[in-house]
Amino acid sequence: MLMVIAAALFIALLLRGGEVLTALAVSTTNSSAATVNITTAQSTCEPAACYDADDTTNYIDLVAGDLRYAKCNTTCNNNNGWGNMMNYTGTIGTSGSDCTPADNRNCYQNNTCENTSAVNITAQKVTCSYLIWYNADNTSQSGSWTGGITAGEIGGSVSVPATDTIGMQELLALGVDAVLSFGAKSAAVNDTVTAQSHNIYNYGNIQMDFQVNGSAMTCVVGTIAAEYLKASLSAATSYSAAYPMTASLGGPDSGKFNSFNLNENNTATTQIPSATSNPTYWGLGVPSGVNGNCQGTIWFAAVAS
Amino acid sequence: MKNSNKFTITPVTPFLVLLVFALTIALFMRGGEVLTALSVSTTNSSAATVNITNSAPTCGAMTCYDTDDAADYIKPVGGGQRYAKCNATCNDENGWGNIQNYTGQMYNAGSGNCPAAYNTNCYLNATCQNTTIAGNDTGQYVTCSYLFWYNADNTSQTGDWTGRIKAGDIPGTEATATDTIDVQALLAIGVDSTLSFGSKSAGTNDTTLLKLHNLYNYGNVQMDFQVNGSAMTCGVGTITAEYLKVSLTAGDTFVSGYPLTATLSGPASSKFGLYNLDENVTTTTQPPMAPNKSTFWGVGIPPARSGNCQGTIWFAAVLS
């Protein structure tokens, strides 16, 4: 019984003694708290490297009517540890390292660049990716674009952008309506004027003209020679005055419509860019001795204006 | 401090994974659509198409003519056939090969567009000949030939017949060319080859005219006839022409019969104006049979003749 009481008293004493020790901070051995305030380090990023993701060149090789993948890489460091860098943002465009607002023509933004791997406890590799539309501006800054990457910290500060320049190549790309149908015609009758519209589209990023030639049309009975197909840039040009196709192009200026001047789509928008188009006008002569459905091919080649 | 590399699984994580997956597929599909629709490059092509519609064939001026003498009338041949042709140049702007067939017909205007072939009024040619013209890929020279029977109608429309060529193209449109040509009147007579009186006694005459002798109309108009004859030369002696007598009625007396003369003295001489032997007007495709009528003959034998006797009777068809 006493042993029990003694044990209880001993425990109570210990508990009280602990309280006393804490409050008094006295003991045979003791310690002091050492404190310091680590200030927030400014993140820094090494110079960026921008490149065409498909062929790893330092120019962006646009794809006609489509998207091309480009990337900018850098390594960002924060001496507080890379975990202190909350996000990475990037832009690539014609107006410096931090273009805004985003549009397909001049400025692409990426607010969620990837931190691909840790270099060490303070640094991370960062990659910003962009899908560049075919109409990206080649004319401003002589086709030089700037990619920039910034590291944003938890405290809200942002690093100085890491930048690189990359060439934006010019793209001549032409699209055409799939079929130029003249409907039903009578043999031995020529159109009087070029009235059949046929659109040509600019799927590139520079103003373009075009060259054209054509094959003979093969009919169920007989053929229609290429020269019976005639083109003009104006509606209702007399058939006799329109340009006749030839089976092959005779030289650099053969079949060239120099005043077509079809501009690229230079609208600044985030929407999928529509190809610009201009009409051409066509007439057909039908010789005698042909019958039935006829089909031939017209070849168009984009040339720079 | 937030570690941006840390990935924490929360209750919404599966939903986010599905959402990302769905968006990825949607983006991929949209990308595919764009590529397909655009189909662009620096060079490109369009299919130029046109449907050349059928042009109706045309046939130019046609010429019908008698083939044997190249005249613009058809001159039937007594009891036979005469060759006639119609020519035209037919054209199809879709090429002459588009003309599937050429058919021709010749008909007298009175019968109009003949539906069936008849010797009297309508001749058909379903296989006219077409020949190419050098350097011409749309026109062909067409010839339709006909063999006209002797009884081709001359009376309707004053002998005018119409020749027509139809060029039919593959879709069935037709062109027609016509020309008119005269079918001449044809007087043509045929006779039985022999008028045999059998055996007779010298110094006796037939009492009536009973010996039948047929005349045939191998022309295309109604006809009468004129007749004369030569003397008959016998084994001994001759029988002069006037001993041969003819009548249109069987049983006429020998005395009343018309005696032949050695020569015709004038247009009405020995003319049997009431004979009125019509041409064959039967509409048939068979070779036409010549209509015929009878004449009735008697002979007188003077005395002092013996042996076989033979002479000649000449018949001439004349218009009724």
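Numbers restart at 1 for each chain; the letters A, B, ... are given by sequence-line order, proteins then strands.
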Answer yes or no: does atom NZ of A:Lys256 have more than 12 heavy-atom neighbours from other residues, nucleotides or ligands under 6.0 Å? yes
With a 4.5 angstrom heavy-atom cut-off, which part of A:Val179 approaches chain B: side chain, backbone, both or neither? both
Determine yes or no for a side-chain-to-main-chain donor-acceptor pair under 3.5 angstrom, with B:Thr53 supplying the side chain and A:Lys185 the backbone. yes
To the nearest 0.5 Å, what is the distance between CG (B:Asn44) and CZ (A:Phe210)? 13.0 Å
Tell me, for A:Leu171 versus chain B, whether the close heavy atoms (under 4.5 Å) come from the side chain, the backbone, both or neither. neither
From A:Val189, A:Val290, A:Val221, A:Val220, residue fulfilling side chain to side chain contact (heavy atoms under 4.5 Å, CB included) relative to B:Ile52: A:Val290
What part of A:Ala178 gets closer than 4.5 Å to chain B, counting heavy atoms only: side chain, backbone, both or neither? backbone
Note: A:Ala187 and B:Ser55 closest approach over all heavy atoms is N-OG, 3.5 Å
With a 6.0 Å cut-off (strictly less than), is the heavy-atom count around CH2 of B:Trp96, excluding the residue itself, greater than 12? no
When only pairs under 4.5 Å are counted, which of B:Asn136, B:Ile170, B:Asn98 shares the most heavy-atom pairs with chain A? B:Asn98
I need the residue from A:Cys219, A:Ser181, A:Gly214, A:Ser215 with the largest number of non-hydrogen atom pairs under 4.5 Å to chain B. A:Ser181
Shortest non-hydrogen contact from A:Met217 to B:Ala48? CE-O, 3.3 Å
Please report the interatomic distance CG(A:Leu174) to OG1(B:Thr43), rounded to the nearest 0.5 Å. 8.0 Å
What option among A:Leu229, A:Asn291, A:Leu284, A:Ile200 has the most heavy-atom pairs under 4.5 Å with chain B? A:Asn291
Chain B shares the most heavy-atom pairs under 4.5 Å, among A:Pro287, A:Gly204, A:Gly183, with A:Gly183
Answer yes or no: does atom CD1 of B:Ile133 have more than 12 heavy-atom neighbours from other residues, nucleotides or ligands under 6.0 Å? yes
For B:Gln129, look at atom CD and say whether over 12 heavy atoms of other residues, nucleotides or ligands are found less than 6.0 Å away. no
Checked B:Ser45, B:Ser46, B:Gly97 vs chain A; the most non-hydrogen pairs under 4.5 Å come from B:Ser46
Mind checking whether A:Ser288 and B:Asp137 have side chains closer than 4.5 Å, heavy atoms only? yes
Judged by atom type as modelled, is there a donor-acceptor pair below 3.5 Å linking the side chain of B:Asn94 to the main-chain atoms of A:Gly289? no
